[in-house]
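To start, the structure itself, in structure tokens.
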Number of protein chains: 2
Amino acid sequence: MSIDRRSHTPVYRQLANLIREGIYSGQYAAGAPLPSELALSQEYGVGRDAVRQALALLRTEGLVSTERGERSRVRPAPERVPVELPPGGRAIARMPADPERAEHGLDEGVPVIELHHLDGAIDVHPADRTELIRPT
Amino acid sequence: MSIDRRSHTPVYRQLANLIREGIYSGQYAAGAPLPSELALSQEYGVGRDAVRQALALLRTEGLVSTERGERSRVRPAPERVPVELPPGGRAIARMPADPERAEHGLDEGVPVIELHHLDGAIDVHPADRTELIRPT
DNA sequence: ATTAATTTGTACGTATGTATG
DNA sequence: TCATACATACGTACAAATTAA
């Protein structure tokens, strides 16, 4: 698979699609590093900007995490902790603002779940580690 | 408020913070257009790249939406539809991959809620229009 | 209805800073 | 110390969509 310059789909989205498929197919295993930006740039014959846009897109999807100085890695799915939605409780999911994300130490592309209790109390849970449940 | 070039906080994050506060404070009302990228670039004395990175960050937070040819707008919060988490049901929240996002017509920065029923069926709901509830 | 101006999107380049190995 | 790698920030140019004239 390669990049089609004649396609209407932007280069960086085509590249993101290729990498995403590589993740889904297991070509890139969970926790494994992707090729460096330079390597991807050369391998697919695109600018570094296109590579960075593709990786940024995958980060917002929670598929990839990047740390400065290291190659991007396939973000492993953490264990989910069951959290009970109590009677009369309500829950919503939203993306955290950047300062809130830093405060909770969340990866990019990870939503938060707000759990609203009957008494008005609100808990905030990282969505990647949370599974809302209701007992039978 | 303005940009501090000596700060260790990147220019684009400082700018994103300023715009975000402008949204929270009501200076930019829901649905209202933000200044154009050029206007922001000139007003704060930063490059267009920094402006675009700031807006991209706010989009991933679901605070702003942008369409080509139009100025970015403060994303209005849609009505939430109550969805019952049934007995024995489970729910998780995650970001949709780009093709899935396009398929469902979701804005950037909007998670999806996966509702897993006891019989194995899975519903997918847009998180910005969904409120999970459990009756008392 | 056409044209022009505005605005965002994509893609490239260069340079420098900062963190890792 | 040195090389590698990602982050930031500026620039240019052109494409594509909308808005205004």
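Every chain is numbered from 1, with letters handed out A, B, ... down the list of sequences.
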Partner of A:Glu37 by side chain to side chain donor-acceptor pair (under 3.5 Å), out of A:Gln42, A:Arg52, A:Arg71: A:Arg52
Are side-chain N/O atoms of A:Gln53 and A:Asp49 paired as donor and acceptor at under 3.5 Å? yes
Has B:Arg13 got a side-chain N or O lying under 4.0 Å from the OP1 or OP2 atom of D:dA9? no
Using whole Å, report how far CG of B:Leu38 lies from C1' of D:dA13. 16 Å
Side-chain N,O (A:Tyr12) to OP1/OP2 (C:dT10) below 4.0 Å: yes
Give the nucleotide from the list D:dC6, C:dT10, C:dG21 with an atom nearest to the side chain of A:Glu70. C:dG21
Shortest non-hydrogen separation from A:Leu118 to A:Pro87 and the atoms involved: CD1-O, 3.8 Å
Whole-Å distance, A:Asp49 CG to D:dT12 P, equals 16 Å
Could you tell me the separation between the CD atom of B:Gln53 and the C1' atom of C:dT10, rounded to a whole number of Å? 15 Å
Indicate whether OP1 or OP2 belonging to C:dT8 is found under 4.0 Å from a side-chain N or O atom of B:Arg71. no
A:Arg52 side chain N/O closer than 4.0 Å to the phosphate oxygens (OP1, OP2) of D:dA7? yes
Calculate the interatomic distance between A:Arg59 atom CZ and D:dA7 atom P; express it in whole Å. 5 Å
